[in-house]
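Proteins get letters first, then strands, A, B, ... in listed order; numbering begins at 1 in each. Not measured: the values here are computed from a predicted model.
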Protein chains: 2
Amino acid sequence: MTGKPRHSWRSIRDSIRQMILDTTYGPGDKLPRDEEFAARFGCARSTVHRAMRDLAESGVVERRRKGGTMVRRDPVTRATLNIPITRLEVEQKGCAYRYQLIRKTVQDTPPAIMANFALPEPRRMLRVEALHLCDEAPYIFEDRWICLETVPEIETVDLEVENANEWLVRNRPYSRCDLRLYARRGTEADRSVLNSAVGDALFVMERTTWIDEAPITSLRAVAHPGYQLFTQG
Amino acid sequence: MTGKPRHSWRSIRDSIRQMILDTTYGPGDKLPRDEEFAARFGCARSTVHRAMRDLAESGVVERRRKGGTMVRRDPVTRATLNIPITRLEVEQKGCAYRYQLIRKTVQDTPPAIMANFALPEPRRMLRVEALHLCDEAPYIFEDRWICLETVPEIETVDLEVENANEWLVRNRPYSRCDLRLYARRGTEADRSVLNSAVGDALFVMERTTWIDEAPITSLRAVAHPGYQLFTQG
DNA sequence: GACATTATTATGTAGCTACATATTAATCTA
DNA sequence: TAGATTAATATGTAGCTACATAATAATGTC
């Protein structure tokens, strides 16, 4: 036995995917309606729907009400990144975690942060610069902006002790998260914080989150030399 | 109107998420059974199930048959990366794309590639080194290993013309994809291929795919200086 | 012909029932 | 007590119906 009942949504998803792969339905083609597939496979429409939703989520097809289902013209590789709380990342390596607040100020957002949030004009936000340490060695430096309008409680949090990263993850859900990843040469400023050599290749993660259009936080995290980001294995 | 009917699975998901956020159910706690929630909300179990599946997918809760639903002790940020075919990435910037095969050899896998695939012993694979160009400037250099046992047809493909990246994406679905991202200093070897300066910070993406335990391909893609990877906006 | 209005239609959601499956919990051996 | 067997149970899946929604297609009006 394959372990898949004849009409499982997985087997139907695989059949449809196979048809797409062998170009029974090529890129850009319109697929038959769910009902049509259900009749062909001899299963319920809901089962086809379940299969289609999975194909849509994984980027193989695109669905639109009334418009029907189309094979995506541009296949994409979708990978889910798991970005844990830094404390956990460090502790899972069996190392001691420490968090150190470096600076905390209230400022108007500079253009770069406004761009991240797509704000038309500057807004006063709390800027928190902090260092995550792994066995007392600099691990990740983060430069974070927190919107005081959306998250006023943050002013009452003692960020010397509590970690903005964790406080926000635990207290502020977000509905949208933009991520930008790139490499950057270490500068003199990095050297003093991350203990890196000038010219080291540093891995940078920029993350911006919203709750229903309202900005929450935007941060640039610069990792120590040698840092790697994985997908969930 | 909020646009959400009282019993929509989204509104129920949001209610449950809210209860988790205000620590009605704290990290590690067990949630009531779906049926129990359904009775409380006055909706069907299937609706709670739909809501729970979404929460599980986004990493808020963990579900196990018979075990029930638990609030994840470690909140994670899950981000979906869209990795397009390089040709499309270049063309969407309005640039001209070109692909250039640099070398094509059959070799036994070195330890690093064996580790990526978790292979116990070396295997003969096709190694393809190629360059993606954007307006004739080096864009991404890829060093790819393709498993000849899993993908024998690759030997019949003219890789001078056809692009291994695209051929595989279009012809070989995968069931598992591991991703590793990091920054690396440009070396002398990079300089000659990517036209980068020695010491430049280069963004590296390593990707390994399988189809049901069988290795397909493992590649290291080194991007030109300044490259950025985004999440889908 | 241009534009607003109204049908049509394919997907999306909500509700129900019944059964499958995986795991834990309980029970029965040896 | 240890280990195997069996029961209990929460989630997962498959099937059905009915209606909602969004987007296109058709129609009507000027």
- prompt: How close do B:Glu142 and B:Leu219 get, heavy atom to heavy atom, and via which atoms?
  reply: CB-CD1, 4.1 Å

message: For D:dA23 and A:Arg65 - does any side-chain N or O of the residue sit under 4.0 Å from the phosphate oxygens OP1/OP2?
response: no

task: Round to a whole Å and report the spacing from CZ of B:Arg50 to P of C:dA14.
output: 9 Å

statement: Out of D:dT13, C:dT11, D:dT24, minimum distance to the side chain of B:His49 belongs to D:dT13

task: Using heavy atoms to find the nearest nucleotide of DNA chain D for B:Pro32 and A:Ile12 separately, return the residue whose nucleotide is more 5′.
output: B:Pro32

query: Has B:Arg10 got a side-chain N or O lying under 4.0 Å from the OP1 or OP2 atom of C:dT13?
result: yes

query: Where does the angle between the aromatic ring planes of A:His224 and A:Tyr227 fall among parallel (under 30°), tilted (30 to 60°) and perpendicular (over 60°)?
result: perpendicular

query: Looking across every strand, which nucleic acid part, if any, lies under 4.0 Å from B:Arg45 by heavy atom: base, sugar-phosphate, or nothing?
result: base

- line: Whole-Å distance, A:Met70 CE to D:dT24 C1', equals 13 Å

query: With sugar-phosphate meaning primed atoms plus P, OP1 and OP2, does B:Gly67 contact a base, only sugar-phosphate, or nothing at under 4.0 Å between heavy atoms?
result: nothing

task: Select one nucleotide: of D:dT11, C:dT9, C:dG15, the one nearest the side-chain heavy atoms of B:Arg63.
output: D:dT11

CD on A:Glu89 to NE2 on A:His132, rounded to 0.5 Å: 9.5 Å

query: Do B:Arg180 and A:Leu229 come within less than 4.5 Å of each other through their side chains, counting heavy atoms only?
result: no

message: Applying a 4.0 Å non-hydrogen cut-off, can you work out what B:Ser46 is touching in the nucleic acid: base, sugar-phosphate, or nothing?
response: base

message: Is B:Thr47 close enough to C:dT13 that one of its side-chain N or O atoms is under 4.0 Å from OP1 or OP2 there?
response: no

- request: Could you tell me whether the phosphate oxygens of D:dA14, OP1 or OP2, come under 4.0 Å of any side-chain nitrogen or oxygen in A:Ser8?
  value: yes

- prompt: OP1, OP2 of C:dA10 versus side-chain N and O of A:Arg33: anything below 4.0 Å?
  reply: yes

- line: Rounded to whole Å, the CE-P distance (B:Met52 to D:dT13) equals 15 Å

